[in-house]
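Working notes for the structure below.
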Amino acid sequence: MKKLETDVVVIGGGSTGAGVVRDVAMRGYRTILVDRADLGQGTTGRYHGLLHSGGRYVVSDPHSATECAEENDIIERIHADAVETTGGLFVVGPDDPLDFADDWLKGAQATGVPHEEITIAEALRREPRLNPKSKRAFAVKDGTVDGWQMVWGAARSAEEYGAQILTYHEVTDIIRDGDKVLGIRATDHKTGEEIQIDCSFVINAGGPWAGHIAHMADCPDVDVVPGRGIMIAMNHRLVNQVVNRCIYPSDGDILVPVHTVCIIGTTDVKVDDPDHLAIPRDEVQQMLDAGEVLIPGFRQSRAIHAWSGARPLVKDSRVALTDTRHMSRGMSIIDHQSRDGLDGLLTIAGGKLTTYRLMAKNIVDVMVEQLGDDRPCRTETEAVPGSKDHKNYHVTHRLAEAEKSLRKEQIVCECELMTRSQLEELIDEQPMASFDDLRRQLRLGMGPCQGGFCSVRAAGIMQENGKADVERVTALLRKFLKNRWIGLWTILYGDQVRQTALDNWIFQGTLDMDHLPEKAEEAHV
């Protein structure tokens, strides 16, 4: 068994975990982050891409609204390369109650959420496809954020301060001696190696899996309730600003432009297992119908991918256990020292991606206090690598870069303008990366063809560069296509059927994917 030693272990590589490991490292502690999969593969990578202005919660959850409003400016500054400052609108639809708009306006004023009421004519000037029968409109500071870019930025910042990031390391046990945490044990899924990390503190940032992780330390009853939500990506940007319905938070009430697509979301249903999230056809239809309320003709656009994510909601005694829609979005820190008599373990859950930095600050503040140290947080003022002295990106940022080297640089993915050099640099840095790892960091296969063309090119480049032999490349490609299919089968109608048929002819008719040899051990990666 491999053994390591550090001060703090952070469990969970989503936005909160990445924020925590960065904060811990910046305060001068030795720290290691472990996650059973890739960074941002869980909740962080399965959401609608919204950088909240706070407007969504000014009535339903005022405290969360204020936190979002305050953190919005910070995230925009320290993660410039991950944030597009699109702006946003809250719009009263044709059949939406007008009295809620008055409550919303009062809530925005009370919570400090920047806002401005504009005329419907001005709203239509900004977003010509907006429902012309809308009755009121408010402009807010919503933006969009690439969750993976943000998480990797935080992780790389942590590494600059000496942290280690161990992806594909699944925690199997939290080691304790009486009332003190001594470390963790984990399994490296890439190599099968067992690892033990001795430490004096563990921070559990496992999101929907936080309860399971706490149970490993014999700390039961961590009530994290997974709330499943589905989202659908459309094949282009139907809007260039975030468009929200000005109603009490509901299903399908937000449309978010993210890179080259836009995303409609979301439902909210309690589930028992965050590892098994359904994408029900009736909820897909519900989202498409909801899109029509915001943008007439929405259904005529092509839906290219559907997915489910699980919100790590903390049990809220004010609402029924099944009512995840109305559970608070606020963060919750569980102090296992006071609750369970266990020193060296803290759990955090709840919150929003927009407030990830604040969540990290708050839980690390508790850890520092318990350790008897005086090490203040500095994450608010220091930008992550790649964002220092950078402006926020725009949807055309890759186009400008590609045009500079158009004649000498191969474009591997036309949808997302991913270049060969970007791909080669990443596989040099991460030779064991799966195609889905590449997708999360480079947006491989995220555009309208969903990998129909670029995935084969990427496979060829990986094999050509000697990073994998034919059998391993085949296994990685097949797994990638299988994962893409999960998000396709519920939206097979209209033009998407034609695109899927074309992809099928490529992979089955031309490449005969089902009969190519592969290495069995790579199939799970």
Side-chain angles (χ1 to χ4, degrees), residues 38-41 44-49 79-84 86 143-153 231-240 256-263 301-307 386 390 392-406 408-427 429-430 433-462 476-477 480-481 483-485 487-488 491 495-496 499-500 502-503 506-507:
D38 191 23
L39 295 183
Q41 188 166 328
T44 295
R46 300 177 185 177
Y47 90 123
H48 43 46
H79 287 287
D81 65 341
V83 173
E84 184 179 2
T86 62
T144 68
V145 58
D146 184 325
W148 296 309
Q149 181 86 348
M150 188 179 78
V151 166
W152 276 97
M231 286 139 278
I232 304 172
M234 310 305 286
N235 69 326
H236 63 281
R237 286 167 69 117
L238 297 168
V239 292
N240 281 308
V256 186
V258 181
H259 289 286
T260 59
V261 302
C262 66
I263 298 169
S301 297
R302 178 160 66 91
I304 60 172
H305 202 84
W307 65 94
H390 272 234
N392 299 102
Y393 80 80
H394 189 263
V395 64
T396 57
H397 70 297
R398 280 190 172 179
L399 177 60
E401 294 168 4
E403 286 178 334
K404 293 178 182 178
S405 56
L406 188 60
K408 56 184 179 182
E409 179 75 291
Q410 179 187 357
I411 302 295
V412 177
C413 174
E414 288 95 343
C415 300
E416 296 292 336
L417 291 176
M418 186 193 79
T419 64
R420 181 176 183 127
S421 62
Q422 288 174 319
L423 177 62
E424 290 178 332
E425 287 172 8
L426 188 58
I427 60 178
E429 178 186 330
Q430 301 175 33
S434 71
F435 281 17
D436 277 303
D437 296 340
L438 302 177
R439 172 179 62 84
R440 281 181 284 272
Q441 296 178 65
L442 297 177
R443 297 189 63 80
L444 173 74
M446 292 286 284
C449 84
Q450 289 291 289
F453 301 97
C454 57
S455 60
V456 179
R457 295 170 185 157
I461 292 169
M462 180 176 281
L476 294 176
L477 179 58
F480 177 78
L481 296 174
N483 289 341
R484 291 286 83 191
W485 175 251
L488 293 174
I491 54 171
D495 287 341
Q496 185 55 39
Q499 178 66 54
T500 304
L502 173 61
D503 291 346
I506 293 171
F507 293 116

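The structure displayed is predicted, hence computed values, not measured ones.
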Close side-chain approach of Ile304 and Val261, heavy atoms under 4.5 Å: yes

Presence of salt bridge, Arg237 and Glu84, under 4.0 angstrom: yes

Donor-acceptor contact present, side-chain Asp436 to main-chain Arg439, <3.5 Å: no

Interatomic distance, Ile427 atom CD1 to Glu424 atom CD [nearest 0.5 angstrom]: 6.0 Å

Trace of the side-chain contact (heavy atoms from CB on, under 4.5 Å) decision for Gln499 with Gln450: CA-CA 9 Å; Gln499 178 66 54; Gln450 289 291 289; over 6 Å; no

Heavy-atom closest pair, residues Asp81 and Gly386: CB-O, 3.5 Å

Donor-acceptor contact present, side-chain Arg46 to main-chain Gln41, <3.5 Å: yes

Non-hydrogen side-chain atoms of Asp38 and Trp152 separated by less than 4.5 Å: yes

Side chains of Ser421 and Glu409 in contact at under 4.5 Å (non-hydrogen atoms): yes

Side-chain donor-acceptor contact under 3.5 Å, Asp437 with Gln441: no

Between CG on residue Leu39 and CZ on residue Arg440, distance to nearest 0.5 Å: 9.0 Å

Test item: Thr500 and Trp485 side chains (from C-beta on) under 4.5 Å apart, heavy atoms: yes

Test side-chain contact (heavy atoms from CB on, under 4.5 Å) applied to Trp307 and Ile232, step by step: CA-CA 7 Å; Trp307 65 94; Ile232 304 172; 5.9 Å; no

Parallel, tilted or perpendicular: ring planes of His259 versus Tyr393, cut at 30 and 60 degrees: parallel

Over all atoms of both residues, closest heavy-atom pair of Met234 and Ser301: CE-O, 3.8 Å

Evaluation steps, side-chain contact (heavy atoms from CB on, under 4.5 Å), between Thr419 and Ile411: CA-CA 4 Å; Thr419 64; Ile411 302 295; 3.8 Å; yes

Side chains of Gln430 and Leu426 in contact at under 4.5 Å (non-hydrogen atoms): yes

Criterion side-chain contact (heavy atoms from CB on, under 4.5 Å) on Phe480 and Asn483, from CA distance to verdict: CA-CA 5 Å; Phe480 177 78; Asn483 289 341; 5.9 Å; no

Atom of Met446, atom of Arg484 and distance for their closest heavy-atom approach: SD-NH1, 4.3 Å

Test side chain to side chain contact (heavy atoms under 4.5 Å, CB included) applied to Thr144 and Asn392, Ile263, Val256, the passing residue: Val256

Side chain proximity check, Leu481 to Ser455, heavy atoms < 4.5 angstrom: yes

Nearest heavy-atom neighbours spanning Leu423 and Leu442: CA-CD1, 3.8 Å

Closest heavy-atom pair and its distance - Leu488, Gln496: CD2-NE2, 3.6 Å

Any side-chain heavy-atom pair of Ile461 and Val412 under 4.5 Å: yes

Trace of the side-chain hydrogen bond (donor to acceptor under 3.5 Å, both in side chains) decision for Glu416 with Thr260: CA-CA 7 Å; Glu416 296 292 336; Thr260 59; 2.7 Å; yes

Close side-chain approach of Ile506 to Phe453, heavy-atom, < 4.5 Å: yes

Cationic N near anionic O, under 4.0 Å, Glu425 to Arg420: no

Closest heavy-atom pair and its distance - Leu444, Met418: CD1-CE, 3.8 Å

